[in-house]
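To start, the structure itself, in structure tokens.
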There are 2 protein chains.
Amino acid sequence: MSTENQDLKKAGLKVTLPRVKILQILERVEDKGRHMSAEDVYKALLDAGDDVGLATVYRVLTQFESAGLVSRHNFESGHSVFEMAKDDHHDHMLCVETDQVIEFYDPDIEKLQRKIADKYGYELLEHSLVLYVKPKKATKK
Amino acid sequence: MSTENQDLKKAGLKVTLPRVKILQILERVEDKGRHMSAEDVYKALLDAGDDVGLATVYRVLTQFESAGLVSRHNFESGHSVFEMAKDDHHDHMLCVETDQVIEFYDPDIEKLQRKIADKYGYELLEHSLVLYVKPKKATKK
DNA sequence: CTAATTGCAAAAGCTTTGCAGCGCA
DNA sequence: TGCGCTGCAAAGCTTTTGCAATTAG
């Protein structure tokens with residue numbers, strides 16, 4: 001049995017066509033450094049010839065999020081984007097020109113954040129850090 | 001003439017009751033370490049007996065943002081919150097228990113962010129950093 | 001006076017929900 | 001077979017927009 005199906009079972013979700021397809025789409029796009037909105041996933045399904053309702057896409061993505069299979073982000077206001085959940089924490093860099101998503105982890109930044117919260121008398125629960133970037137100009141020869 | 005009115009004129013906006021009132025509300029709440037949504041501002045206006053339409057609140061807040069008078073944030077998904085614009089850049093700490101907003105600036109974090117973007121071949125344009133925190137437990141005597 | 005502004009209501013995105021029928025286990 | 005799942009359409013929220021009436025300068 002495929003990995004996707006095992007993941008679904010483990011999450012207590014029935015192995016249905018919409019769920020499997022959506023997982024595959026998210027996995028495939030993962031390599032390209034892109035995140036998808038519910039609408040994106042929906043269109044990808046239609047393009048692939050799979051007739052899945054938009055409401056189902058939303059429901060499935062929400063279930064996946066609860067199950068810890070995917071993470072939801074709200075980079076741009078107005079809509080959510082999703083990515084396959086990773087085991088390790090990471091922050092995001094978003095290229096405003098190519099829409100590329102780069103994930104990174106910096107222990108120093110993590111440490112500084114805890115220190116700052118502490119300084120103000122708080123305990124850090126979680127954080128959201130997004131860097132908006134553009135490609136560096138090529139250096140002149 | 002009041003400061004608000006000068007700010008409005010400078011922004012090329014006519015000095016109208018809704019705009020003055022909204023500015024006042026934002027300034028007043030500024031001291032309490034809170035940010036307001038459009039709906040919050042709208043309710044505050046009604047409470048104060050000022051009959052301003054919700055659409056106007058949205059329009060005015062958007063104009064203020066364009067004019068650089070206020071900043072818009074999208075901490076929680078689903079809606080925007082506003083604060084009076086500050087001259088200096090700062091990030092936010094959000095207490096999940098009291099809804100208090102603490103603003104902070106850490107030069108080391110700023111520097112690290114530029115360094116990380118650079119490492120990946122990008123130039124840092126801007127960033128969004130929000131720390132979600134809760135009050136530290138009181139230390140035992 | 002006249003262009004800017006406002007209020008109301010309608011409409012537009014994104015997302016959720018109710019319900020009847022379909023399908024996995 | 002039975003409960004979970006899906007599709008469709010309708011509804012919910014936040015925010016925007018069209019338009020006629022109002023108002024600041």
Side-chain angles (χ1 to χ4, degrees), chain A residues 1-2 4-25 35-46 48-67 69-82, chain B residues 1-2 4-25 35-46 48-67 69-82:
Chain A
M1 179 184 278
S2 71
E4 288 106 45
N5 298 12
Q6 293 175 20
D7 289 344
L8 289 174
K9 293 221 161 159
K10 210 180 304 173
L13 299 170
K14 281 190 180 175
V15 178
T16 63
L17 184 135
R19 304 220 251 237
V20 173
K21 291 290 182 183
I22 291 175
L23 263 192
Q24 288 176 348
I25 287 175
H35 286 180
M36 302 183 91
S37 67
E39 188 78 30
D40 291 335
V41 172
Y42 174 64
K43 288 204 205 101
L45 285 166
L46 293 193
D50 297 306
D51 244 313
V52 175
L54 180 55
T56 299
V57 173
Y58 274 104
R59 265 186 299 232
V60 169
L61 286 174
T62 303
Q63 291 161 345
F64 284 2
E65 189 192 8
S66 302
L69 291 176
V70 312
S71 315
R72 178 195 301 252
H73 299 292
N74 292 99
F75 299 153
E76 309 87 76
S77 151
H79 68 291
S80 304
V81 293
F82 300 83
Chain B
M1 179 183 276
S2 70
E4 288 107 43
N5 297 12
Q6 293 175 21
D7 290 343
L8 289 174
K9 293 218 159 157
K10 209 180 304 172
L13 298 170
K14 284 190 178 174
V15 178
T16 64
L17 185 134
R19 303 220 251 237
V20 173
K21 291 291 182 183
I22 290 175
L23 263 192
Q24 289 177 349
I25 286 175
H35 287 180
M36 300 184 93
S37 67
E39 188 78 28
D40 292 335
V41 172
Y42 174 64
K43 288 203 206 104
L45 285 166
L46 294 193
D50 297 305
D51 242 313
V52 175
L54 179 56
T56 299
V57 174
Y58 275 104
R59 266 186 299 233
V60 167
L61 286 173
T62 303
Q63 290 162 345
F64 284 1
E65 188 192 9
S66 302
L69 291 176
V70 313
S71 313
R72 178 196 299 255
H73 299 292
N74 291 100
F75 300 153
E76 310 87 73
S77 155
H79 68 291
S80 304
V81 293
F82 300 84

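Chain letters run A, B, ... following the sequence lines, proteins first and then strands; every chain starts at 1.
- Contact record, B:Val81 with B:Glu76: CG1-OE1, 4.5 Å, taken as the closest heavy-atom pair.
- Using a 4.0 Å cutoff to heavy atoms of chain A, the contacted part of DNA chain C runs 5' to 3' from C:dC14 to C:dA25.
- Note: CZ (A:Phe64) to P (D:dC5) measures 11 Å, nearest angstrom.
- A:Lys21 has its NZ atom 13 Å from the P atom of D:dG7, to the nearest Å.
- Summarising the geometry, the separation between CD on A:Gln63 and C1' on D:dT6 is reported as 11 Å, rounded to the nearest angstrom.
- Interatomic distance, CD of B:Gln6 versus CG of B:Leu8, reported as 10.0 Å (0.5 Å rounding).
- What you find for A:Arg19 and A:Phe64 is that their closest heavy atoms are O-CZ, 3.7 Å.
- Of the possible polar contacts, one joining the B:Asp40 side chain to the B:Ser37 backbone as a donor-acceptor pair under 3.5 Å is found.
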Please tabulate, one pair per line, all N/O donor-acceptor pairs under 3.5 Å involving side-chain atoms of residues 49-62 of chain A, not counting sequence neighbours.
from: A:Thr62; atom 1: OG1; to: A:Tyr58; atom 2: O; distance (Å): 2.8
from: A:Thr62; atom 1: OG1; to: A:Arg72; atom 2: NH2; distance (Å): 3.4

Review point. When you look at A:His73 and A:His35, which way does the side-chain contact (heavy atoms from CB on, under 4.5 Å) test go after all the steps?
Key: CA-CA 9 Å; A:His73 299 292; A:His35 286 180; 3.9 Å; yes

Point to revise | Under 4.0 Å protein heavy-atom contacts per nucleotide of nucleotides 15-25 of chain D, with B for base, S for backbone only and - for none | key: BBBB-----BS

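- Each of B:Val41, B:Thr16, B:Leu17 was compared with B:Ile22 under the side chain to side chain contact (heavy atoms under 4.5 Å, CB included) criterion, and only B:Val41 meets it.
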